[in-house]
Amino acid sequence: MSKEPIFPPYDTVGNETIYRTAADVELHAYGGGYFADINAHIHVFNDSITITDLVNALVPGQFCAYINVTAPHNRPATDLFSGLKTFADLYQRYYVERSASDDWTINAYTHKSSRVFTPFKAIKPISTPEKWTLTHVWKAILSGQVFVGTITRELSDDYAFDASANFFRGKEFNLPSLARSLVEEPGGWQVSLRDQPDGFMRLDVSCHHHEQRFVFFDEMCDWGVSILRREARERERCAFNADQLAKVIPVAGITPSEEACYDIQYLDMDSNTGRYVTKSALVPGNYVIEGQYLCCPIIALEQHMIQIDSLYSVASSQHHYSPENDMDGSFIALDNKTVYVTGFALRELLADRYPLPTLRAVTITMAQLYTTINDFQTGRLRTMCSANYDYHRTMIRWQHEMLRLKVAKENVPCHGDGTNTGKEQ
């Protein structure tokens, strides 16, 4: 490890920027960064400011000076900016001069240098270890031998949001940020060798159950090679997305009927990987084209054959139905978000140009739906949305729809062999 301060080949540690000169950075209300000229880390919180001297950071057996400037009760830390313009001014007043008014508190501490991260130390490459430790991982990251990292799973206290983001699976993350966590807060982290795809070592680095990540190690890699590989991955991703977009059907080539439904395949951007993925949906004809544009990048479209006794779920968070607001009696609602419609009713709604949201064909039958409604009605099944729901009216809707289906089937013409055409007159 070099004793001379160096400026790193990366420009951020997590969401904090690495700066060459503190005098060039104006003070801002929240956040901070690493400053090479003063060899310090400064962070502005809501009601305090911390400054850590990084001269001895990552040096075993040494200590790093650390101060915490605390604001009086109910006063923001930005009050400390009075008369100051840059982070260099802030550093000079509170760290060098230790100057503060009587109602501000400056507390000085020391941290073990081995538990203080810095981007301003050159880290020598490691040899491939027989057994991996956290120290091996952060040293390999800072030397450039770990050239990419992806999230396997990340959990917060908002499970619904995490699930909607697929737990951030496949998303590349900031490697120096992981190195900082392993240095400063190693508790709970562990590392193991998963496998060796393409000649590289894939390491499983995880913290309890809420952070699980893969990092890829190449003993012969350095920051220069790592940057070239990142640029190559970006070129490949852009080329892949361009190839996918070339498959999109031009709007002039689509003439949907508003009285039909269509099975479509479309492109959707994976926010974690930045790559298009192909998804499927069942949509009404009047949804396919919005104005002069496609509703989404459609790469395949086929008219859906609606069977009158099939069930379809109304899958849209923007449409909430219940027996109370279902004026035409077309929908069978289990609660405010779980709503079904039969193929027979769906044909009527399409013929009436009803503004249906996205649909989904389901595999349950009307008999199975009856059992589910009955279980809700008798209390054998409950959900958060079902506590005050009127399932007696839902059962009446089911019975009414079964009667309509019976009448419709009796009026359906047959082939010469006696089989049903599946279409009502």
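As a basis for the values below, the full set of heavy atoms in this structure was taken, side chains included, without hydrogen atoms, waters or symmetry mates. Since we're looking at a predicted model, the values are computed, not measured.
Enclosure of atom CZ in Arg20 is not indicated, since only 12 or fewer non-hydrogen atoms of other residues, nucleotides or ligands lie within 6.0 angstrom. Taking a 6.0 Å sphere around CD of Gln292, one finds it holds 12 or fewer heavy atoms contributed by other residues, nucleotides or ligands. Within a 6.0 Å radius of CD in Glu184, more than 12 heavy atoms belonging to other residues, nucleotides or ligands are found. With a 6.0 Å radius and a threshold of 12 heavy atoms from other residues, nucleotides or ligands, Glu185 has its CD atom at or below the threshold. Counting heavy-atom neighbours within 6.0 Å of Phe240 CZ, excluding the residue itself, gives a total above 12. Under a cut-off of 6.0 angstrom, the local environment of CG in Asp157 is sparse, with at most 12 non-hydrogen atoms contributed by other residues, nucleotides or ligands.
The pair Arg397-Glu401 meets the salt-bridge criterion, since a charged nitrogen lies less than 4.0 angstrom from a carboxylate oxygen. Glu259 has a carboxylate O that lies under 4.0 Å from a charged side-chain N of Arg353, or vice versa, which qualifies the two as a salt bridge. Note on Asp195 versus Arg202: salt bridge recorded, some NZ/NE/NH1/NH2 to OD/OE distance being below 4.0 Å.
Asp204 and Ser192 share no donor-acceptor pair across their side chains, judged by distance under 3.5 Å alone. In this structure, a donor-acceptor pair under 3.5 Å is present between the side chains of Glu219 and Thr128.
Cation-pi contact between Arg93 and Tyr95: absent, since separation from the ring centre below 6.0 Å together with deviation from the ring axis within 45° is not met.
Note: Trp398 and Tyr370 have tilted aromatic rings, judged against thresholds of 30 and 60 degrees for the angle between ring planes. Between Tyr34 and His41, the ring planes lie tilted relative to each other; the angle falls in the 30° to 60° range. Taking the six-membered ring where tryptophan is involved, the planes of Phe376 and Tyr391 are essentially parallel, since the angle between them stays under 30° and well short of 60°. The aromatic rings of Tyr66 and His111 are tilted relative to each other, their planes meeting at an angle between 30° and 60°.
The distance between the ring centers of Tyr276 and Tyr266 does not fall below 6.0 angstrom. Proximity of the aromatic rings of Phe173 and Phe168 is defined here by a centroid distance below 6.0 angstrom, and this criterion is not met. Tyr94 and Trp104 have their aromatic ring centers separated by at least 6.0 angstrom.
Rounded to the nearest 0.5 Å, atoms CD1 (Ile289) and CG (Leu294) are 6.0 Å apart. Interatomic distance, CG of Asp89 versus CG of Leu84, reported as 5.5 Å (0.5 Å rounding). Atom OG1 of Thr110 sits about 6.0 Å away from atom CZ of Phe63, to the nearest 0.5 Å.
For the salt bridge (Lys or Arg N to Asp or Glu O under 4.0 Å) test with Glu172, the passing option among Arg233, Arg230, Arg229 is Arg233; the others fail.
A ring-ring contact (aromatic ring centres under 6.0 Å, His included) check over residues 9-28, counting only residues at least two apart or in different chains, returns the pairs Tyr10-Trp223, Tyr19-Phe35, His28-Phe87.
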- request: I would like to know whether Trp189 and Leu178 meet side-chain contact (heavy atoms from CB on, under 4.5 Å); could you show each step before the answer?
  value: CA-CA 10 Å; Trp189 286 96; Leu178 175 60; 3.7 Å; yes
message: Determine whether Phe147 and Val225 satisfy the following criterion, side-chain contact (heavy atoms from CB on, under 4.5 Å), listing intermediate values before the conclusion.
response: CA-CA 8 Å; Phe147 59 92; Val225 175; over 6 Å; no
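Across all their heavy atoms, Thr152 and Arg169 have their closest contact at O-NH1, 3.4 Å.
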